[in-house]
Amino acid sequence: MAKLNEGISQIEKGSILETMYNRFVSGMEQASHETLPDFTGPEYVDGYVVNEEKINAEINDYEDITRKNAAYLLANTIVGSLTGGGGDGGGGGGGFVSINGDSMAGKLNALYGFAAGFNGIKILDVYQISKPNQDKKTSIVSIDGELHLSSCGLYINNANILKYENYILSIKAGNILLDGNVMCSGRITLEELEISNNGIKYKDYDFYHAGNSNKEDVSWTMKDGTVAGNLSVSGDGVFGSSVSALYGVKLGFEGTDVLSVSTPRLAQLRGDLNLIGWVGIQLNGNYVIHAKNSNIISFSANDKILNFGDDGTKQINLQTSVYDDDGEYELISKFGSAYFPASFKAGHGLGNVLVETYKKSSEDAGLIFKRYIRFNTKDGPGFYSNGDTIFLEAPFKYNQGSGDNVTSTIEVKESSFGYIESSSLYAPLNRKSSSLKFSTDADFFVFNKAIEGEKSIGIANSKTRLLDNELFFNDSIYWLALENGVKHYGDAYFVNNIGSVVFSSGFAGSGWGIIQNLLTGNIEATFDGLTIRKKARFYELEVQKQSVTNGSLWVSDSCSGDLVEEIV
């Protein structure tokens, strides 16, 4: 299998090799475009007889034409690559330079190095070198001999830097950097500035030098100056612009240090700071202390936090009262009283609000407690709400054990009250009804006073209720209080005895009673009188009558006894 040469992928872009390679490939493709005729036609095959002589002649002509076309394109490519153009089919060298010397009519390119000289000696050399730690190569033109220029001089970057004309050398450049000594045996004149061995003059005025610069009677004027040592001024120092002292400064009066900067980012003031007029102290262009007018001094921290008493502050004493923005209300007095007419919030710990005021309207305003309301101690009885119900927590204290083993126990019990949807059987049917619900995790409710209801007292989900002079068990069974007694509606069932408050049995007894005989289990009724208007049915009738005489009198048709008792 054919394999492409690896050198093809390494051909440098824009090189002569790339140009010749591309032209060779193009020529070969054009030379191969000639096609063989169809040898199956009747002029080459007559029935089953093949005209091999004619076919071989056609193949020979095809190969001859292909070779000549390839040779012409190859020659044309070489000539075109060397001369920079295409071949014209004529004879001659076509722009080649003889190795023994010749003249060129066209452009000379030597982009991969160039050397020139005379008599076998190299005078001019063009090359590149790579310096350590640099990716880019340095281009060098080296001349080993004299460089003769015309009066036009030397051009650098299209600027005529050097020019020699009429025995005068002109140097024209924006800035000249000389790394070394400049020696001159004559004088140097820069327009109106003259430098010579006699000194320096500018517009006929002498510059002061080491011989006369320390004269106290001579004024000194200059633009820029650098003092390597100490600068001492015995008179006044007047500065017409800003003063920089970036390595420390001391300012004072009569030899006393008042303001100094001796450490990085620290200025020390050893005296009073008197701000005259409506001025102040700024931080990043914003006032921190600002005397707004003759009556107001403002402390502020624009887009920052204003702190009073950071770490290390022992205490902050309030020497006067704090008022609102209009000065109308005294919010905090220096004695500790406080008043917040608009609103108030208070919290504890990480900033949770525990109590705050609110206002919906002029009539609806009050105080909101977010968490517990404790009494006496932090563990004492307390109120809180979940938003719908009010809860009461209180300790239940009791003793356990006896003697020396008595221990005091405290349990926290919780009760609550709130509104719920009523489940009363007497709730109105034309609207939603509500009930005030009391709940507790204690075992019982105890009231030390009477419980009264304005209308009734009832049992939830039951028709049992107590009204004024009425006790209802349901719609048909109830008691009705009359002026002289109680009227009973519905049947009455008694489990035990019934009778008057005071009752004693027998002939000489008093009161009345319907009582079960404990000996026989019979129910016996005792009254002073009994009237039956209609029918009376007796399964057994016993009539007793007692009469008193001087002796015994018995009148009886029959006699029976229920109990015989022996009398001794």
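- Distance OH/Tyr478 to NZ/Lys463: 13.0 Å, rounded to 0.5 Å.
- Contact annotation: the side chain of Lys136 never approaches that of Gln134 to less than 4.5 Å [non-hydrogen atoms, C-beta and beyond].
- Across every non-hydrogen atom of Ile514 and Ile523, the tightest pair is CG2-CG2, 3.6 Å.
- Counting heavy-atom neighbours within 6.0 Å of Leu541 CG, excluding the residue itself, gives a total above 12.
- Rounding to the nearest 0.5 angstrom, the gap separating the OG atom in Ser416 from the CG atom in Asn386 is 8.5 Å.
- Ala338 approaches Phe340 most closely through the heavy-atom pair CB-CE1, 3.8 Å.
- In the displayed structure, Asn376 atom CG is contacted under 6.0 Å by at most 12 heavy atoms of other residues, nucleotides or ligands.
- When side chains are defined from C-beta on, Leu177 does not count as touching Asn175, because their heavy atoms never get closer than 4.5 Å.
- In this structure, the side chain of Ser504 engages the main chain of Ser510 through a donor-acceptor pair within 3.5 Å.
- The minimum heavy-atom distance linking Phe447 with Ile451 is given by the pair CD1-CD1, 3.1 Å.
- Without hydrogens or angle criteria, Asp441 side chain to Glu414 main chain gives a donor-acceptor distance under 3.5 Å.
- Side chains of Asp364 and Tyr358 form a contact here, defined as non-hydrogen atoms less than 4.5 Å apart.
- Across all non-hydrogen atoms, the minimal contact from Pro381 to Pro395 is CG-CD, 4.1 Å.
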Criterion side chain to side chain contact (heavy atoms under 4.5 Å, CB included) on Ile410 and Asp379, from CA distance to verdict: CA-CA 11 Å; Ile410 298 177; Asp379 297 321; over 6 Å; no
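- With hydrogens and angles disregarded, no donor-acceptor distance shorter than 3.5 Å links the side chain of Ser435 to the backbone of Lys437.
- Around NZ of Lys413, the count of heavy atoms belonging to other residues, nucleotides or ligands within 6.0 Å exceeds 12.
- The aromatic rings of Phe396 and Tyr398 sit tilted relative to each other, their planes meeting at an angle between 30° and 60°.
- Atom CG of Leu269 is surrounded by more than 12 heavy atoms from other residues, nucleotides or ligands within 6.0 Å.
- Atoms OH and CD1, from Tyr287 and Ile289 in turn, are 12.0 Å apart once rounded to the nearest 0.5 Å.
- Taking 4.5 Å as the limit, every side-chain heavy atom of Ser415 sits out of range of all side-chain heavy atoms of Ser439.
- Taking the six-membered ring where the residue is Trp, Trp512 and Phe527 present parallel rings, their angle staying beneath 30° rather than reaching 60°.
- Note: Asn461 CG to Ser422 OG = 8.5 Å, rounded to the nearest 0.5 Å.
- Of all heavy-atom pairs between Phe445 and Thr440, the closest is CZ-CG2, 3.5 Å.
- In this structure a side-chain-to-backbone donor-acceptor pair under 3.5 Å is present from Asn497 to Gln516.
- Under the 4.0 Å criterion applied to side-chain N and carboxylate O atoms, Arg374 and Glu393 are assigned as salt-bridge partners.
- Looking at every heavy atom in both residues, Gln319 comes nearest to Lys334 through O-CD, 3.3 Å.
- Ile297 CD1: 12 or fewer foreign heavy atoms inside a 6.0 Å radius.
- Contact of the Glu524 side chain with the Ile515 side chain is not registered, since no non-hydrogen atoms from C-beta on lie closer than 4.5 Å.
- Using the six-membered ring where Trp is involved, Tyr384 and Tyr372 have ring planes that are tilted, between 30° and 60° apart.
- Judged by distance alone, the side chain of Asn399 and the main-chain N or O of Val406 form no donor-acceptor pair under 3.5 Å.
- In Asp311, the CG atom is not crowded: 12 or fewer heavy atoms of neighbouring residues, nucleotides or ligands sit closer than 6.0 Å.
- A distance of 5.0 Å separates OG in Ser456 from CG in Leu467, rounded to the nearest 0.5 Å.
- A donor-acceptor contact shorter than 3.5 Å is absent between the side chain of Thr313 and the backbone of Gln315.
- Distance alone, capped at 3.5 Å, is enough to place a donor-acceptor pair between the Ser424 side chain and the Tyr426 backbone.
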Step-by-step side-chain hydrogen bond (donor to acceptor under 3.5 Å, both in side chains) determination, Ser462 to Thr464: CA-CA 5 Å; Ser462 173; Thr464 301; 3.3 Å; yes
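- Remark: Thr226 OG1 to Asp224 CG distance equals 7.5 Å, nearest 0.5 Å.
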Scan the side chains in residues 249-266 for donor-acceptor partners under 3.5 Å anywhere in the protein, sequence neighbours excluded, and list what turns up.
residue	atom	partner	partner atom	Å
Asp257	OD2	Arg270	NH1	3.1
Ser260	OG	Arg270	NH1	2.9

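- Side chains of Val486 and Leu471 form no contact here, defined as non-hydrogen atoms less than 4.5 Å apart.
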